[in-house]
Amino acid sequence: MAVIGAGFTGLSAARTLCHLGANAAVLEAETIGWGASSRNGGMVLTGLKLGVNKLISRYGRERTQRMYAASLASIDCVEQLVREENIDCDFLRCGHLEVACKQKHFDDYARQAEVIAREFNHRLRIVPRHELQTEIGSSIYYGSMVDEMSAGLNPARYVAGLARAAVKAGALIFENARVEKIEREARQGAQGWRVRTSRGIVWARDVFIGTSGYTGSATPALRKKIIPIGSYIITTEVLPEALARELSPRNRMIYDSKNYLYYYRLTPDHRMLFGGRAAFFPETENSIRKSGEILRRGMIDVYPQLRKTKVEYVWGGTLDFAFDIMPHAGQLDGIYYAVGYAGHGVAMATWQGEKMGEMIAGEKRENPFVGIPFPGAPLGLYNGQPWFLPFAGAWYKFLDWVS
Ligand SMILES: Cc1cc2nc3c(=O)[nH]c(=O)nc-3n(C[C@H](O)[C@H](O)[C@H](O)COP(=O)(O)OP(=O)(O)OC[C@H]3O[C@@H](n4cnc5c(N)ncnc54)[C@H](O)[C@@H]3O)c2cc1C
């Protein structure tokens, strides 16, 4: 089995495949965790990117119930893996807080919480504006919604631990092995794939792709279905304990209700980590520098208390969005894949890797994301080069303004 990409998806799949008796070689173009898996905000979140009403109208109640259950199970999946493999990554069930940027966003929380309680038997807590100080030291929001089930972790340590766990299970990981071409080739009567990498050729009976926002020309059919979008993070200097507690009294994973959203949290050493889609383009030196400035201004809008605080780090990474903003998994032209996490990938990528590993090993397990339509670009106007990102960025800003 050849697994392409050594992030949460690929490593989780390789670990599961080896536990189920398969041989797995993980081929990674750069180094372990080099992609989004080591660079993200470490928010282990329940739910999907799309709202529940949209999901129900698109997929029906029964499948949406299974999707939501999968999103809850994905948090348990990460927790169990961290425990079983003894991964020292600051995993903590601290809950997440979604904050409303407009009154109508807050009004919608009550409706969403009611649907989630009724349809998925999962309770969210609504916090009105006058009680918000118990959750966040900012006065710009109209209220919030809390989900106690979500968690936080240190992603770089988690992905390193996941790689150790995959190796312990028997996986081989090849770094600096960029997959360049994948072609069908039978060997000794067995159907399979000839995988050409920058370090040599591998033959594998099955191939699984977990390349997320870095999906490239080696898998052209998948590339056309994925939009790579940049996301950026700054972290401040270490804050005095009292200030850190004032900003986030319950140490939540926080994100706001905009399309062009900000997400933020305290790190265990009390820095403010503040992220967003400051520039839509995937990371370059220039986009990282500009994003650092934009995010700092955004952080001060939320927390004027940080006006004089130094920003010590800035970095960027690439997310993967499908055209329908959904996770997708299954087989395309005979090759297995799991992609489309839309910024919700820490838990879901780990879970999808595990489920796809089980599926490839022949176990019939529940996966509501397999078999849903996987649309490409409207009118097929996309070859994998996202020329429309500036327009998409402007469109989302416009939507935030009017909605
Ligand atoms: C800045 C940022 C913040 C984020 N914050 C959060 C968050 O707080 N919570 C959350 O849930 N999600 C978050 N995400 C999203 C989350 O990080 C991703 O969804 C998740 O890491 C995807 O994991 P993956 O293994 O599928 O892909 P990745 O970790 O991106 O790994 C893909 C790997 O494939 C390799 N690759 C690509 N092409 C080839 C090839 N041809 N040959 C060999 N290897 C190849 C790449 O080098 C890369 O290492 C964030 C993402 C970013 C960028």
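When a ligand or atom number is given, it counts from 1 through the structure's own listing order. The structure displayed is predicted, hence computed values, not measured ones.
Among the atoms of G345, some N or O lies under 3.5 angstrom from an N or O of ligand 1. At a 3.5 angstrom cut-off on N or O pairs, I4 does not count as close to ligand 1. At under 3.5 Å, a nitrogen or oxygen of N40, whether backbone or side chain, sits near a nitrogen or oxygen of ligand 1. In terms of polar-atom proximity, defined here as any N/O pair under 3.5 Å, A218 makes no such contact with ligand 1. The shortest N or O to N or O distance between V179 and ligand 1 is under 3.5 Å. Geometrically, ligand 1 and L45 share no nitrogen or oxygen pair separated by less than 3.5 Å. Remark: ligand 1 and T31 share no N or O pair separated by less than 3.5 Å (distance only, no angle test). Ligand 1 has no nitrogen or oxygen under 3.5 angstrom from a nitrogen or oxygen of I233.
With G343, A2, G340, P228 as candidates, the residue nearest to atom 13 (C) of ligand 1 on a non-hydrogen basis is G343. Heavy-atom proximity to atom 22 (C) of ligand 1, evaluated over S212, A6, G210, is greatest for S212. The closest non-hydrogen atom to atom 43 (C) of ligand 1, taken over A36, A29, G7, comes from A29.
Considering every non-hydrogen atom in both G340 and D320, the closest pair reads N-OD2, 2.6 Å. Among all heavy-atom pairs drawn from Q352 and P327, the shortest one is NE2-CB, 4.5 Å.
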Would you mind writing out the side-chain donor-acceptor pairs for residues 4-14 within the sub-3.5 Å range, not counting sequence neighbours?
residue, atom, partner, partner atom, Å
T9, OG1, Y341, OH, 2.9
S12, OG, T350, O, 2.6
S12, OG, E354, N, 3.2

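Looking only at heavy atoms of the protein, atom 36 (N) of ligand 1 is closest to T211 CG2, 3.6 Å. What sits closest to atom 34 (O) of ligand 1 on the protein, heavy atoms only, is G5 CA, 3.4 Å. Atom 9 (N) of ligand 1 has as its closest protein heavy atom M43 O, 2.8 Å. Looking only at heavy atoms of the protein, atom 26 (O) of ligand 1 is closest to T9 OG1, 2.7 Å.
Side-chain rings of F274 and Y262 approach one another, their centers coming within less than 6.0 Å. In this structure, F208 has its ring center no closer than 6.0 Å to that of Y336.
The closest approach between a heavy atom of G213 and any atom of ligand 1 is not below 4.0 Å. Contact analysis puts A177 in contact with ligand 1, with a non-hydrogen atom separation below 4.0 angstrom. Using a 4.0 Å heavy-atom cutoff, G275 is absent from the residues neighbouring ligand 1.
In terms of modelled atom types and a separation under 3.5 Å, the side chain of R184 and the main chain of Q191 share no donor-acceptor contact. R252 places no side-chain N or O within donor-acceptor distance of the main-chain N or O of L97, the cut-off being under 3.5 Å. In this structure, Q65 contributes its side chain and E119 its backbone to a donor-acceptor pair below 3.5 Å. Of the possible polar contacts, one joining the N40 side chain to the S37 backbone as a donor-acceptor pair under 3.5 Å is found. With hydrogens and angles ignored, the 3.5 Å screen pairs a side-chain donor or acceptor of E175 with a backbone N or O of I32.
Here the CD atom belonging to E358 is positioned 9.5 Å from the CG atom belonging to L17, to the nearest 0.5 angstrom. Taken to the nearest 0.5 Å, the CG atom of L50 stands 10.0 Å off from the NE2 atom of H344.
With a 4.0 Å heavy-atom cut-off, ligand 1 is reached by the backbone of E28 and by its side chain too. If you look at W315 next to ligand 1, there are no close heavy atoms at all, none under 4.0 Å. Neither the backbone nor the side chain of M348 comes within contact range of ligand 1; no heavy atom lies under 4.0 Å. When heavy-atom distances to ligand 1 are checked against a 4.0 Å cut-off, F8 comes that close through both its backbone and its side chain.
For ligand 1, the atoms lying closer than 4.0 Å to a non-hydrogen atom of S37 are 21 (O), 23 (O), 24 (P), 25 (O), 28 (P), 29 (O). Atoms of ligand 1 found under 4.0 Å from any heavy atom of W34, numbered from 1 in the order shown, are 47 (O). Taking every non-hydrogen atom of Y263 and a distance limit under 4.0 Å, the qualifying atoms of ligand 1 come out as 1 (C), 2 (C), 3 (C). Within ligand 1, counting atoms from 1 as listed, the ones closer than 4.0 Å to a heavy atom of G42 are 8 (O). Ligand-side atoms of ligand 1 in range of G317: 53 (C), range being under 4.0 angstrom from any heavy atom. Shown in contact with L319 at under 4.0 Å from a heavy atom are these atoms of ligand 1, numbered in order with element: 14 (N), 15 (C), 50 (C), 51 (C), 52 (C), 53 (C). The G41 neighbourhood of ligand 1 comprises atoms 3 (C), 4 (C), 5 (N), 6 (C), 7 (C), 8 (O), with distances under 4.0 Å to a heavy atom of that residue.
Ring geometry for Y303 versus Y264: interplanar angle over 60°, hence perpendicular rather than tilted (30 to 60°). Ring geometry, Y255 versus H96: the interplanar angle falls from 30° to 60°, so the pair is classed tilted.
For the pair K225 and F374, the distance from NZ or CZ to the six-membered ring centre is under 6.0 Å and the angle to the ring normal is within 45 degrees. A cation-pi contact, defined as under 6.0 Å to the ring centre and within 45° of the axis, links R39 to W34.
There is no side-chain donor-acceptor pair under 3.5 Å between H105 and Y142.
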